[in-house]
Chemist: 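What follows is a single structure, and I will ask about it in a moment.
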Amino acid sequence: MVTPSADTSVSNGVYVPGSITNGDVKPAVSTTPLADFLMQLEDYTPTIPDAVTGYYLNRAGFEASDPRIIRLISLASQKFISDIANDALQYCKMKGTASGSSRSKTKDKKYTLTMEDLTPALTEYGINVKKPYYFT
Amino acid sequence: MADPAVSSGGSLNAGGRGSGGKAASSPAENYHLARRRTLQVVVSALLTECGFESAEKAAVETLTEMMQSYITEIGRCAKAYCEHTARSVPTLSDAVVTLIEMGFNADTLPVYAKRSQRMVITAPPVTNHPVAPKALSAGQKRTHPAHIPGHFPEFPDPHTYIKTPTFREPVSDYQVVREKAASQRRDVERALTRFMAKTGETQSLFKDDVTAFPLIAARPCTIPYLSALLPSELELQTLEETDSSEQDDQTDSENTAGNGITDDPGADKENSILPPSGVVPSVKVSEDNVIDNPYLRPVKKPKVRRKK
């Protein structure tokens, strides 16, 4: 089992392992870092409660023997959403400062997540959303 | 489990919870909706962490839906991986491979986990799991015989493989049947007489009270003794049958008598009108024997002409 090394990047939602681009094969690294991380997870509680994640995993047929795996998965999904939210924030900030508004104070602290920001952020991940502006 | 320390942007919360509970009716739905709402709260918390102050409802819904399907997909994929290797319990490796397959950089997880985490959401308060409604069962299921291991599924309801006729066997006890027949006849007679009394003419038994005991009014016939004189249909038939056997004996005598009568036309007409007593029954029989229906006529024997 090959664990991806740290210098590979995620783009377009497709994970490209570094070995393919470089042409040489990276040595297989075991999952011990994550296994160690799993030990640390016992103390840490992710934002999503275990019951909720466990509920959705059970609906998919996944019955976890170890509650730490549930925490790992909930953490992963949190990070997934966080990354998208951060990208949307970048878009929001870009739109704000691109018009050349006042630089003295930072752009007003109130950022609102709108679909206009979210859509291009999701497009980078390969997710295309089209929401109708109105409902008839 | 999670400590009860809920903290999230107020506006985010209001925006997030507005869409949740319109048509929740069954406990299963409530169960599902509660968790969905929790996910929405989580998404709102994450957005607050990023720095957003508020969000569009549609955006929060989108992210919630994405999160739910992401978790579901990880579960499904991890289960598939684990079963692919002939195991049944997923392990950490299955989860990691799943994350890799979904394009997730698992190395960044520890870094992310150690961020200044501040928000912890309480679990939804619903504690009882909605029980799947049991299928209607009628009767007791059969227990497994000895040769079937215990972990096999149960037998189905007995009505699925046992056929019971829906009719009851009719009672054949003589006494019961007699009683039934007698009571039925009595009821029929009573019902029929009542019906005739109600629809036809009635005579009352009591002078004052007309409706108490209605009797079916008798219809007087003009000639009461006529029915005694006329033979009934059945009697007519039996009469014909017996007479047809006598006709064979009398055919020749009739022919000779008839010839005798025609040979002597000059004889007294009264004599011919008043046939001799011996021929009376034959004439009457001949009148009765002339029936329109050819199939009902008696057999005619060919006339044997004796050459004189």
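On a predicted model such as this, the values are computed, not experimentally measured, just so you know. All chains are named by letter (A, B, ...) in the order of the sequence lines, taking the proteins before the strands, and each is independently numbered beginning at 1.
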Chemist: Begin with the C-alpha distance, continue with both residues' side-chain angles, and end with the deciding distance and a verdict on side chain to side chain contact (heavy atoms under 4.5 Å, CB included) for Asp94(B) and Phe62(A).
Modeler: CA-CA 11 Å; Asp94(B) 298 324; Phe62(A) 183 99; 5.7 Å; no

Chemist: Counting only non-hydrogen atoms closer than 4.5 Å, does Glu116(A) touch chain B with its backbone (N, CA, C, O), its side chain (CB onward), both, or neither?
Modeler: side chain

Chemist: As a test of understanding, state which of His32(B), Arg35(B), Arg36(B) forms a side chain to side chain donor-acceptor pair (under 3.5 Å) with Tyr55(A).
Modeler: His32(B)

Chemist: Under 4.5 Å from any heavy atom of chain B, what part of Ala64(A) do you find: side chain, backbone, both or neither?
Modeler: neither

Chemist: Can you tell which part of Ile69(A) gets under 4.5 Å to a heavy atom of chain B, answering side chain, backbone, both or neither?
Modeler: side chain

Chemist: Closer than 3.5 angstrom, by distance alone: can the side chain of Lys79(B) be matched with the main-chain N or O of Ser88(B) as a donor-acceptor pair?
Modeler: yes

Chemist: What option among Ile81(A), Leu57(A), Val129(A), Ile73(A) has the most heavy-atom pairs under 4.5 Å with chain B?
Modeler: Ile81(A)

Chemist: Report yes if some heavy atom in the side chain of Glu101(B) is under 4.5 Å from a heavy atom in the side chain of Tyr81(B); otherwise report no.
Modeler: yes

Chemist: Can you tell which part of Leu99(B) gets under 4.5 Å to a heavy atom of chain A, answering side chain, backbone, both or neither?
Modeler: side chain

Chemist: So with a 6.0 Å cut-off around CZ of Phe195(B), is the heavy-atom count from everything else above 12?
Modeler: no

Chemist: Which region of Ala95(B), side chain (C-beta onward) or backbone (N, CA, C, O), has a non-hydrogen atom less than 4.5 Å from a non-hydrogen atom of chain A, or is it both or neither?
Modeler: side chain

Chemist: Given that the side chain runs from C-beta out, which part of Leu89(A) has a heavy atom under 4.5 Å from chain B: side chain, backbone, both or neither?
Modeler: both

Chemist: Would you mind telling me which of Ser65(A), Ser82(A), Ser74(A) has the largest number of heavy-atom pairs within less than 4.5 Å of chain B?
Modeler: Ser82(A)

Chemist: Measuring only between side-chain heavy atoms, which start at C-beta, is Asp66(A) closer than 4.5 Å to Leu92(B)?
Modeler: no

Chemist: Quick one: are Thr72(B) and Arg59(A) in side-chain contact, heavy atoms under 4.5 Å?
Modeler: no

Chemist: Does any backbone or side-chain atom of Asn86(A) lie under 4.5 Å from a heavy atom of chain B? Answer side chain, backbone, both or neither.
Modeler: both

Chemist: More than 12 heavy atoms of other residues, nucleotides or ligands under 6.0 Å from CZ of Arg194(B): is that the case?
Modeler: no

Chemist: Roughly how far, to the nearest 0.5 Å, is CE of Met66(B) from CD1 of Ile127(A)?
Modeler: 4.0 Å

Chemist: Walk me through whether Arg76(B) and Glu73(B) qualify under salt bridge (Lys or Arg N to Asp or Glu O under 4.0 Å).
Modeler: CA-CA 5 Å; Arg76(B) 187 204 65 79; Glu73(B) 179 60 25; 2.8 Å; yes

Chemist: Need one label for Gln78(A): side chain, backbone, both or neither, based on atoms under 4.5 Å from any heavy atom in chain B.
Modeler: both

Chemist: Residue by residue, which of residues 170-177 of chain B have a heavy atom closer than 4.5 Å to a heavy atom belonging to chain A?
Modeler: none

Chemist: At their closest point, which heavy atom of Ile70(A) faces which heavy atom of Gly54(A), and how far apart are they?
Modeler: CG2-N, 4.1 Å

Chemist: Heavy-atom pairs under 4.5 Å with chain A are the metric here; pick the option from Thr91(B), Thr62(B), Val89(B) that has the most.
Modeler: Thr62(B)

